[in-house]
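Let me begin by presenting the structure, written as structure tokens, before commenting on it.
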Amino acid sequence: MTRIPSVLAERPTCPRTPDGIPRVFTAARGGYLTDDSGKSWIDFDNARGSVTLGHGDPEVAAAVARAAAGESGSATGWNARVDTVTGRLRELCGGEVVGLFRSGTAAIRAAVLAVRESVGRPLVLSAGYHGYDPMWRPAGTPGEPNTDGIADFYFDLGLLAELLRDGRAAAVVLSPDHMHLSPHWYARARELVSAAGVPLIADEVKVGLRYGPGLSTAELLAPDVWTVAKGVANGHAVAAVGGPRELLAPLREISFTSFFEPTILAAADRTLARAATGEPQRSARAAGERFVGHARKALEAAGLAVEIAGDGTLFQFVPASRTLARAFRQAAADEGLLFYDGDNQAVSAAFDDAVLTDAERRFDRLCERLAAHAGGDPVDEPARYRAAWNVIDGLREADRTPEQTRRWLAELLDD
């Protein structure tokens with residue numbers, strides 16, 4: 001397989017072979033994938049965390065099949081499931097109004113532009129990854145607004161406080177991360193934003209509904225506006241924005257082209273109904289905790305300098321060196337463990353005892369393959385900073401002077 005030059009997104013985010021060719025999967029069921037060579041993989045990527053119930057979930061698949069056969073309305077006009085889905089999202093995440101979009105990237109762009117227009121100030125202060133939209137590209141100097149009026153504070157609270165002082169901020173938008181930031185960090189961020197009288201937007205596209213039946217930052221941040229996407233429809237393409245009518249008024253005539261598309265609404269309806277019980281989240285977390293506990297013991301026993309950040313809901317491997325990271329990636333591929341390269345791993349609720357036992361055995365063999373790397377230097381601060389940067393496009397929580405912040409940003413942005 002070769003890359004097709006006419007494809008605009010020539011480097012999409014997807015699992016790849018060591019020579020950079022996208023892997024092709026021909027089947028998916030529960031926690032497993034099958035590639036075009038017939039090889040079986042255990043999926044820890046799950047469409048970057050979007051597939052929360054497992055591949056081919058029977059309840060979701062049946063609802064989608066009925067919708068595809070024309071038994072659940074039409075994309076031509078209003079569908080009763082629009083009311084059902086938006087109602088479920090309001091119950092889970094709050095807000096007076098909810099809008100549906102095709103992707104998290106589109107949803108957060110719409111939310112930010114609407115709030116900025118409603119508030120009437122020019123700047124948006126941002127931390128974290130918000131999708132592929134060029135509007136989020138950072139300016140040359142940390143804290144400096146780019147041409148779209150976005151100033152990135154990279155999760156550094158000192159830089160956030162500095163940017164809030166001049167009174168030009170219309171909103172603060174951040175993508176929560178619970179692997180590298182503590183509840184104390186969120187409490188301090190909320191204090192700074194509240195003191196400045198600026199609306200806070202939680203971009204929970206990655207983590208929303210994965211930690212429980214609602215926003216992961218409902219208590220930590222009490223955001224004014226929220227966006228969710230991954231986990232809303234078990235991998236089907238839908239995202240949502242919610243919040244007060246006053247702040248989101250500019251979106252009153254906006255909808256994505258397939259607003260009424262029955263299969264997407266059917267998938268979202270069934271997935272959200274399950275998410276509301278909290279059971280899929282509890283199941284996935286328990287499975288993830290079991291695997292993480294086993295993996296930590298196996299890595300320690302093998303003498304491998306690889307830490308694991310996070311918990312069973314979302315976790316990340318942190319190798320001590322780039323050399324070990326490459327070897328780890330190759331050993332995982334050899335064993336058919338599909339990890340999200342360098343980023344967070346996300347098990348699904350389909351990881352039952354049989355899948356976990358298989359995964360644990362494969363991970364033990366992975367460690368055996370890395371025997372030549374045993375006894376190396378331990379994980380250090382640069383490795384932890386790089387790992388956090390790979391996940392949040394920002395700085396991990398740590399005590400830093402302003403000079404240290406500038407030095408870390410210079411190094412990581414250059415890297």
> Okay, side chain of Arg116, backbone of Pro122: is any donor-acceptor separation there less than 3.5 Å?
Replying inline: yes
> Is the count of non-hydrogen atoms from other residues, nucleotides or ligands lying under 6.0 Å from Lys297 atom NZ greater than 12?
Replying inline: no
> Under a 4.5 Å cut-off applied to non-hydrogen side-chain atoms, are Thr277 and Pro213 in contact?
Replying inline: no
> Taking the six-membered ring where the residue is Trp, are the ring centres of Phe339 and Phe315 under 6.0 Å apart?
Replying inline: no
>> Contact between Asp311 and Val292 at the side-chain level, heavy atoms closer than 4.5 Å - yes or no?
In response: no
>> I'd like to know if the side chain of Asp364 reaches the main chain of Ala298, judged simply by a donor and an acceptor atom lying under 3.5 Å from each other, with no hydrogens or angles considered.
In response: no
> What distance separates Leu409 CG from Leu395 CG, expressed to the nearest 0.5 Å?
Replying inline: 4.5 Å
>> What I want to find out is whether Glu91 reaches Arg88 closely enough, with some N-O distance under 4.0 Å, to be called a salt bridge.
In response: no
>> Please evaluate residues Glu381 and Arg384 with respect to the criterion salt bridge (Lys or Arg N to Asp or Glu O under 4.0 Å), reporting the C-alpha separation (whole Å), side-chain torsions for both, the decisive distance (0.1 Å), and the verdict.
In response: CA-CA 5 Å; Glu381 282 300 281; Arg384 296 188 185 102; 2.8 Å; yes
> So, do Phe363 and Ile42 sit near enough that their side-chain heavy atoms are less than 4.5 Å apart?
Replying inline: no
> Do the side chain of Asp45 and the main chain of Arg48 share a donor and acceptor less than 3.5 angstrom apart?
Replying inline: yes
>> I want to check something: taking the side chain as every heavy atom from C-beta on, are Val64 and Arg270 in contact at a cut-off of under 4.5 Å?
In response: no
>> Please determine whether side-chain contact (heavy atoms from CB on, under 4.5 Å) holds for the pair Phe155 and Trp185, giving the CA-CA distance in whole Å, both sets of side-chain angles, and the decisive distance to 0.1 Å.
In response: CA-CA 9 Å; Phe155 291 100; Trp185 186 96; 3.6 Å; yes
> Considering residues at least two apart in sequence or located in another chain, which fulfil the salt bridge (Lys or Arg N to Asp or Glu O under 4.0 Å) criterion with Glu96?
Replying inline: none
> What distance do Leu200 atom CG and Asp224 atom CG have between them, rounded to the nearest 0.5 Å?
Replying inline: 6.5 Å
>> Within the structure provided, determine whether Phe351 and Phe44 are in side-chain contact (heavy-atom separation under 4.5 Å).
In response: yes
> For Glu261, what residues pass the salt bridge (Lys or Arg N to Asp or Glu O under 4.0 Å) criterion, not counting sequence neighbours?
Replying inline: none
> Between Glu368 and Arg365, is there a salt bridge with N-O shorter than 4.0 Å?
Replying inline: no
> Within a strict 4.5 Å, meaning less than it, do heavy atoms of the Pro244 and Val225 side chains meet?
Replying inline: yes
> Side-chain contact, heavy-atom cut-off 4.5 Å: Pro142 with Leu413?
Replying inline: yes
> So does Arg296 have more than 12 non-hydrogen atoms from other groups sitting under 6.0 Å from CZ?
Replying inline: yes
> Quick one: salt bridge (Lys or Arg N to Asp or Glu O under 4.0 Å) partners of Lys206, sequence neighbours excluded?
Replying inline: Asp343
>> Quick one: does any side-chain atom of Arg252 pair with a main-chain N or O of Ala249 as donor and acceptor, under 3.5 Å?
In response: yes
>> Test your reading of the model: is there a side-chain donor-acceptor pair from Asn234 to the backbone of Gly54, 3.5 Å cut-off?
In response: yes
>> Tell me whether Arg274 is salt-bridged to Asp57, with the criterion being a basic N under 4.0 Å from an acidic carboxylate O.
In response: yes
> Donor-acceptor pair, Ser321 side chain versus Leu324 backbone, under 3.5 Å?
Replying inline: yes
> What pairs meet the side chain to side chain donor-acceptor pair (under 3.5 Å) rule with one or both residues in residues 148-170, with sequence neighbours excluded?
Replying inline: Asp156-Arg400, Asp156-Thr405, Asp166-Arg168
>> Are there over 12 heavy-atom neighbours, none belonging to Glu246, within less than 6.0 Å of that residue's CD?
In response: no
> Do other residues, nucleotides or ligands put more than 12 heavy atoms under 6.0 Å from Glu144 CD?
Replying inline: yes
> Excluding sequence neighbours, so at least two apart, what forms side-chain hydrogen bond (donor to acceptor under 3.5 Å, both in side chains) with Thr313?
Replying inline: Arg285
> Any donor-acceptor pair under 3.5 Å linking the side chain of Glu397 with the backbone of Leu181?
Replying inline: no
>> How about CD on Glu279, more than 12 heavy atoms from neighbouring residues, nucleotides or ligands closer than 6.0 Å, or not?
In response: yes
>> Quick check: do Leu215 and Val207 have side-chain heavy atoms less than 4.5 Å from each other?
In response: no
> What residues, two or more places apart in sequence or in another chain, satisfy salt bridge (Lys or Arg N to Asp or Glu O under 4.0 Å) together with Asp177?
Replying inline: none
> At what distance, to the nearest 0.5 angstrom, does CD of Glu411 lie from OH of Tyr385?
Replying inline: 10.5 Å
